[in-house]
Amino acid sequence: HIKFYNLQKYMALDITARRNLELLERQHDKGKKGTLLWVLDKTSTSMGGRMLRKWIGEPLLDVGEINSRLEAVKELKDNSILRGELQQVLKKVYDIERLVGKISYGNSNAREMNALKNSLMQLPSIKELLKEANSELLKKLEINLDTCEDLAKLIDSAIIDDPPITIKEGGLIKKGYNSDVDEYKKASTEGKQWLLELEQREKETTGIKNLRIGFNKVFGYFIEVTKSNLSLVPETYIRKQTLTNGERYITEELNELESKILGAEEKLVNLEYQLFIELRNILAQNIKRLQTTASIVATLDVLLSFSTVAEDMNYTCPIVNND
């Protein structure tokens, strides 16, 4: 979305000033080493790195906002245990912004979904740790941080732990997520066992000891009964083919098994792809939530970076006022 850039809120820096100050790159070779960004960048995430570049390019003019940031940095600098614990958690967070972007454009795969899930699963720990904070900005981040636990659980319930890169070849969906997927998976691996079990049940139900289930390419699966046992055939059997020695029948249950077994693999691949797209669409409907969360995590990452640099370089907190 297009956002308004408020000239009263940020210091205007023209291209010459940016270049001469070497904020983001060196003048002579466009490298990063020796720039302000290089000095200040101790971020743990890609999102934080981008946020830091943005902040350096847009220096604040509002004294209240400047002091709010400084207060947060000071607290994190002074509380090394909180700082260390937060940074440890952030190291497990992937680039939520980029992952969300891929979801919104409809080109994310199952591995990226799992990367998003693993990142979201760190958010409750971040929120819990921030409850210890006293500064206004850190408290605000804690209050506004949506842990998105419902989305993490949804991805976790749907996608297997080590999915393939492609999403159109199956092998994506976890057991228990969708009953049809479970049935198709069973059908492709346990089809023969199902037929043996059905044959045994039909023998016991009808009393036809030599009843058998067979298959051919023309008729598919069938139940074959010899002429001497035709009187025992139940009314539910549907005649399929007459033979010299007997008859071949089908039943509703056998038809269902046939469709499951013969088309199981193809149907499984198609259904898994369809379920994956549905999952991606649900996440796409929550883009704003995820983007807000990513922004909060990035902000926290930059504040932690500042506090780490302040500690390492023994910086002094400046007094900023309107004088």
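This is a predicted model, so every value here is computed, not measured. By convention here, the first residue in the shown sequence is residue 1.
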inquiry  = What I'd like to find out is whether the side chain of N229 reaches to under 4.5 Å of the side chain of T206, using heavy atoms alone.
reply    = no
**Asked** Does K77 NZ have over 12 foreign heavy atoms under 6.0 Å away?
**Response** yes
**Message:** Using the rule given for side chain to side chain contact (heavy atoms under 4.5 Å, CB included), can you reason through N255 versus I238, listing the C-alpha separation, both sets of side-chain angles and the distance that settles it, and then say yes or no?
**Reply:** CA-CA 11 Å; N255 262 351; I238 302 158; 5.8 Å; no
Heavy-atom closest pair (I173 atom, F276 atom, distance to 0.1 Å) is CD1-N, 4.5 Å
message: Set out, in order, the CA-CA distance, both residues' side-chain angles and the distance that settles salt bridge (Lys or Arg N to Asp or Glu O under 4.0 Å) for K42 and D312, then state yes or no.
response: CA-CA 11 Å; K42 301 287 182 189; D312 293 347; 5.0 Å; no
Residue set satisfying side-chain hydrogen bond (donor to acceptor under 3.5 Å, both in side chains) with E278, at least two apart, ordered chain then number -> Q274
Could you go through the side chain to side chain contact (heavy atoms under 4.5 Å, CB included) check for L271 and V269 one step at a time?
CA-CA 6 Å; L271 181 56; V269 170; over 6 Å; no
| message | I want to check something: taking the side chain as every heavy atom from C-beta on, are E272 and K185 in contact at a cut-off of under 4.5 Å? | response | yes
Practice problem: Return yes if some donor-acceptor pair links the side-chain N/O of K127 with the main-chain N/O of L145 below 3.5 Å, else return no. | Solution: yes
Original post:
Any side-chain heavy-atom pair from L21 and L36 closer than 4.5 angstrom?
Top reply: no
Could you walk me through whether N245 and T226 pass side chain to side chain contact (heavy atoms under 4.5 Å, CB included), step by step? CA-CA 6 Å; N245 300 324; T226 55; 5.7 Å; no
Salt bridge (charged side-chain N to carboxylate O under 4.0 Å, His left out) test vs D41 passes for just one of R53, K32, K33, namely K32
Do L283 and M113 make a side-chain contact, defined as non-hydrogen atoms from C-beta onward lying under 4.5 Å apart? yes
Q. Within a strict 4.5 Å, meaning less than it, do heavy atoms of the R69 and L137 side chains meet?
A. yes
(message) Please check: side-chain N/O of E199 versus main-chain N/O of I213, any donor-acceptor pairing under 3.5 Å?
(response) yes
* To do: Using the rule that two of Ile, Leu, Val, Met, Phe, Trp, Tyr join whenever any of their side-chain heavy atoms come within less than 4.5 Å, decide whether I261 and F215 are in one cluster.
  => yes
In short, Y273 meets I167 closest at the heavy-atom pair CD1-O, 3.3 Å
Problem - Any donor-acceptor pair under 3.5 Å from D301 side chain to V297 backbone - result: no
Q: Verify the distance criterion only: is there a donor paired with an acceptor across the side chains of T308 and Q87 at less than 3.5 Å?
A: yes
dist L303:CG -> K74:NZ (nearest 0.5 Å) comes out at 15.0 Å
N216, CG atom: more than 12 neighbouring heavy atoms under 6.0 Å
yes
Interatomic distance, CG@N67 vs SG@C317, rounded to 0.5 Å, equals 7.5 Å
Would you check if the side chain of K227 reaches a backbone N or O of G246 as a donor-acceptor pair within less than 3.5 Å? no
- prompt: Taking C-beta and beyond as the side chain, do E75 and E71 meet within less than 4.5 Å on heavy atoms?
  reply: no
Shortest non-hydrogen pair, R280 vs G106, comes out as NH2-O, 3.0 Å
* Asked: Should L86 and M121 be regarded as members of a common hydrophobic cluster, given that ILVMFWY residues are connected when their side-chain heavy atoms come within less than 4.5 Å of each other, either directly or indirectly?
  -> no
Taking side chain as C-beta onward, heavy atoms only, is L82 less than 4.5 Å from L76? yes
Exercise for review: Kindly check if the number of other-residue, nucleotide or ligand heavy atoms within 6.0 Å of CD (Q27) is above 12?
Suggested key: yes
Under 3.5 Å, side chain of S119 to main-chain N/O of Y94, donor-acceptor pair present?
yes
Requested in this report: Measure from the side-chain N and O atoms of D182 to the backbone N and O of G176, and report whether any donor-acceptor pair falls under 3.5 Å.
Outcome: yes
- Kindly work out whether a path of hydrophobic side-chain contacts (I/L/V/M/F/W/Y, heavy atoms less than 4.5 Å apart) joins L40 to V302. yes
In terms of heavy-atom contacts, E258 and G220 come closest through OE2-CA, 3.0 Å
* **Salt bridge flag under 4.0 Å for residues K131 and E128** => yes
Result for side chain to side chain donor-acceptor pair (under 3.5 Å) between R50 and one of T43, T45, D95 points to D95
Does S295 use its side chain to pair, donor to acceptor, with the backbone of T292 at less than 3.5 Å?
no
CG (L254) and OG (S259) are apart, to the nearest 0.5 Å, by 10.0 Å
When rounded to the nearest 0.5 Å, the distance separating OG of S104 from CG of N286 is 12.5 Å
So NZ of K203 and CD of Q200: to nearest 0.5 Å the spacing works out to 6.0 Å
Shortest non-hydrogen pair, P318 vs L70, comes out as O-CD1, 3.9 Å
* Does R26 use its side chain to pair, donor to acceptor, with the backbone of G34 at less than 3.5 Å? -> no
> Linking I/L/V/M/F/W/Y whenever any side-chain heavy atoms sit under 4.5 Å apart, do M51 and V309 land together?
Replying inline: yes
Margin query: What I want to check is whether the side chains of E202 and Y249 have a donor and an acceptor closer together than 3.5 Å.
Written below: no
* Asked: Around atom CD of E197, are there more than 12 heavy atoms of other residues, nucleotides or ligands at under 6.0 Å?
  -> yes
Task: Validation row: D146, I296 side chains within 4.5 angstrom (heavy atoms) - done: no
Review point. Is it the case that one hydrophobic cluster holds both I287 and L120, taking links as side-chain heavy atoms less than 4.5 Å apart, direct or via other members?
Key: yes
Quiz prompt | Pair K267-N270, side chain to side chain contact (heavy atoms under 4.5 Å, CB included): steps then yes or no | solution = CA-CA 5 Å; K267 286 175 183 173; N270 291 336; 5.8 Å; no
Side-chain donor-acceptor contacts of residues 10-18 below 3.5 Å, not counting sequence neighbours, with atom names and distances?
residue: D14; atom: OD1; partner: T16; partner atom: N; Å: 3.2
residue: D14; atom: OD1; partner: A17; partner atom: N; Å: 2.7
residue: R18; atom: NE; partner: L13; partner atom: O; Å: 3.0
residue: R18; atom: NH1; partner: G57; partner atom: O; Å: 3.4
residue: R18; atom: NH2; partner: G57; partner atom: O; Å: 3.0

| query | When you look at NZ of K186, are more than 12 heavy atoms from neighbouring residues, nucleotides or ligands closer to it than 6.0 Å? | reply | no
Taking distance alone, no hydrogens or angles, what donor-acceptor pairs closer than 3.5 Å link side-chain atoms of residues 149-166 to residues at least two apart or in another chain?
residue: E149; atom: OE2; partner: T147; partner atom: OG1; Å: 3.0
residue: D150; atom: OD1; partner: R289; partner atom: NH2; Å: 2.9
residue: D150; atom: OD2; partner: R289; partner atom: NH1; Å: 3.1
residue: D156; atom: OD1; partner: K117; partner atom: NZ; Å: 3.3
residue: D156; atom: OD1; partner: K174; partner atom: NZ; Å: 3.3
residue: S157; atom: OG; partner: K153; partner atom: O; Å: 3.3
residue: S157; atom: OG; partner: L154; partner atom: O; Å: 2.8

Interatomic distance, CG@L141 vs CD@E136, rounded to 0.5 Å, equals 10.5 Å
